[in-house]
Amino acid sequence: MSQLKAVESRILQCIRNRFSARYISLPDQHKIWTLTVSPELRDKTPLVMVHGFGGGVGLWIQNIDALSSRRTLHAFDLLGFGRSSRPTFPSDPEGAEEQFVSSIEQWRQEMGIKDMILLGHSLGGFLATSYSIKYPDRVKHLVLVDPWGFPVLPTDPSEMRSPPAWVKALAAVLGRSNPLAVVRAAGPWGPRLVQRFRPDLKRKFEEFFEDDTIMEYIYHCNAQTPSGESAFKAMMEKFGWAKRPMMSRLHLIPKELPITFVYGAETWIDQNTGDKAKLLRPDSYVKTLAIKGASHHVYADQPRVFNDVVEEICDAVD
């Protein structure tokens, strides 16, 4: 964990706006590592950002200053990921999902946040939606960035979009171990293994880091006890799908709560989810956007366009 702390510190030094990073203790004794930026901007609804599988607060580095220029921004490491506590999750998909959602609500209460613009990427989008179903009064706008786990697993293989090579590689080891066991087993060679699997990630952040800072950060985020990772394995099916698909539960979100889907135009995630959501919620605000030149990590592929899109969504709230 000390190595993760050190590499994350190098990343957070790039933030220009006023910020603090600290642990928030939950009633159940777990701790959530939390980044708060521009805390002085209290007049507007805060933006809360939830990272995806295997990520952490550091991966938002290209978005943080822009999105905290006119309102407070909070980002946190999900329970079981990054620098947050790594408890043993229930082994059933519903129980694992519930523990994630409960930890987000406990975190909100401890933070004293009345309501928020809730943005989630990938797994974070799935959990943000689950949270919005259970606590809709706390969410003013739900922003889903390339959300994982919405469609039902197709019975016809021809209906499945072909995922990138790194997803296939992870899926190949899922039956035998947790998704990132190979990375942990690599030990000090872990960052090089991350680079080999995902050479694109280093390029996405080259404006900030010319060295291996991001590779080291991703490695150390996932070199710890596989807590959230084990929970994800309990919730997922063939990596790209959820055992409890979110699309079948989307109607449980009150129609008054606006939802925006933001996709990378070249993503491997099913972009039809946004259109299907609109059909399921004809009397609600549902908008779908696709950002050109971006894949699954849309916030890092096209950060300036992504930041403009999210700022526009936030400005419409207040």
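This is a predicted model, so every value here is computed, not measured.
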Exercise for the section: Measure centre to centre between the rings of Phe232 and Trp148, then say whether the value is under 6.0 Å. Expected result: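 Yes; Trp148 has its ring centre under 6.0 Å from that of Phe232.
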
Exercise for the section: Could you tell me whether Trp33 and Phe76 have their ring centroids closer than 6.0 angstrom? Expected result: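 Ring centres of Phe76 and Trp33 not closer than 6.0 Å.
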
Handout entry: Single-linkage hydrophobic cluster Leu289~Val317, side-chain heavy atoms < 4.5 angstrom
Key =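 Same cluster: Leu289 reaches Val317 through Ile, Leu, Val, Met, Phe, Trp or Tyr contacts under 4.5 Å.
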
Exercise for the section: Can you label the angle between the His121 ring and the His296 ring as parallel, tilted or perpendicular, going by 30° and 60°? Expected result: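 The arrangement is tilted - the two ring planes meet at 30° to 60°.
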
Exercise for the section: Could you check whether the rings of Tyr263 and Phe261 sit parallel, tilted or perpendicular, using 30° and 60° as the cut-offs? Expected result: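 Aromatic pair Tyr263/Phe261 classed parallel.
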
Checking [X] side chain against [Y] main chain: does a donor-acceptor pair fall under 3.5 Å?
{"X": "Ser103", "Y": "Val101", "result": "no"}
{"X": "Asn17", "Y": "Val37", "result": "no"}
{"X": "Gln224", "Y": "Phe81", "result": "no"}
{"X": "Arg86", "Y": "Thr225", "result": "yes"}
{"X": "Asp146", "Y": "Ser122", "result": "no"}

Quick check on [X]: does its [atom1] atom have over 12 non-hydrogen neighbours (other residues, nucleotides or ligands) under 6.0 Å away?
{"X": "Lys278", "atom1": "NZ", "result": "yes"}
{"X": "Gln109", "atom1": "CD", "result": "yes"}
{"X": "Glu105", "atom1": "CD", "result": "yes"}

Is the closest side-chain heavy-atom distance between [X] and [Y] below 4.5 Å?
{"X": "Met235", "Y": "Phe126", "answer": "yes"}
{"X": "Leu47", "Y": "Leu118", "answer": "no"}
{"X": "Ile269", "Y": "Phe150", "answer": "no"}
{"X": "Lys44", "Y": "Cys314", "answer": "no"}
{"X": "Thr45", "Y": "Asp115", "answer": "yes"}

Handout entry: Worked verdict on Glu97 versus Ser130 for side-chain hydrogen bond (donor to acceptor under 3.5 Å, both in side chains)
Key = CA-CA 8 Å; Glu97 180 183 328; Ser130 183; 2.6 Å; yes

Could you measure the distance from the [atom1] atom of [X] to the [atom2] atom of [Y]? Nearest 0.5 Å is fine.
{"X": "Ser38", "Y": "His74", "atom1": "OG", "atom2": "NE2", "value": "10.0 Å"}
{"X": "Phe209", "Y": "Glu216", "atom1": "CZ", "atom2": "CD", "value": "10.5 Å"}
{"X": "Leu73", "Y": "Thr36", "atom1": "CG", "atom2": "OG1", "value": "8.5 Å"}
{"X": "Ser68", "Y": "Phe19", "atom1": "OG", "atom2": "CZ", "value": "10.5 Å"}
{"X": "Arg83", "Y": "Leu35", "atom1": "CZ", "atom2": "CG", "value": "11.0 Å"}
{"X": "Cys221", "Y": "Gln3", "atom1": "SG", "atom2": "CD", "value": "12.5 Å"}

Do [X] and [Y] sit within salt-bridge range, that is, some charged N less than 4.0 Å from a carboxylate O?
{"X": "Asp318", "Y": "Arg71", "result": "yes"}
{"X": "Glu98", "Y": "Lys134", "result": "yes"}
{"X": "Lys287", "Y": "Glu312", "result": "no"}

Handout entry: Residue pair Lys31, Ser25: steps toward the side-chain hydrogen bond (donor to acceptor under 3.5 Å, both in side chains) verdict
Key = CA-CA 5 Å; Lys31 295 182 178 181; Ser25 297; 4.8 Å; no

Practice task
Could you check Trp268 against Ser295 for side-chain hydrogen bond (donor to acceptor under 3.5 Å, both in side chains), going step by step and ending with a plain yes or no?
Solution key: CA-CA 7 Å; Trp268 58 276; Ser295 186; 5.7 Å; no

Exercise for the section: Under the ring pair (Phe, Tyr, Trp, His ring centres under 6.0 Å) rule, what do Tyr131 and Phe100 come out as? Steps first, then yes or no, please. Expected result: CA-CA 9 Å; Tyr131 177 90; Phe100 275 125; over 10 Å; no

Under 3.5 Å, sequence neighbours excluded: what are the donor-acceptor pairs made by side chains of residues 250-260?
{"residue": "His251", "atom": "ND1", "partner": "Ser248", "partner atom": "O", "Å": "3.3"}
{"residue": "Thr260", "atom": "OG1", "partner": "His141", "partner atom": "NE2", "Å": "2.8"}

Exercise for the section: Check the pair Glu311 / Arg70 against salt bridge (Lys or Arg N to Asp or Glu O under 4.0 Å), numbers first and verdict last. Expected result: CA-CA 9 Å; Glu311 273 196 294; Arg70 295 199 290 271; 3.5 Å; yes

Exercise for the section: Go through the steps to decide whether Gln271 and Thr267 satisfy the test side-chain hydrogen bond (donor to acceptor under 3.5 Å, both in side chains), and finish with yes or no. Expected result: CA-CA 8 Å; Gln271 297 181 49; Thr267 184; over 6 Å; no

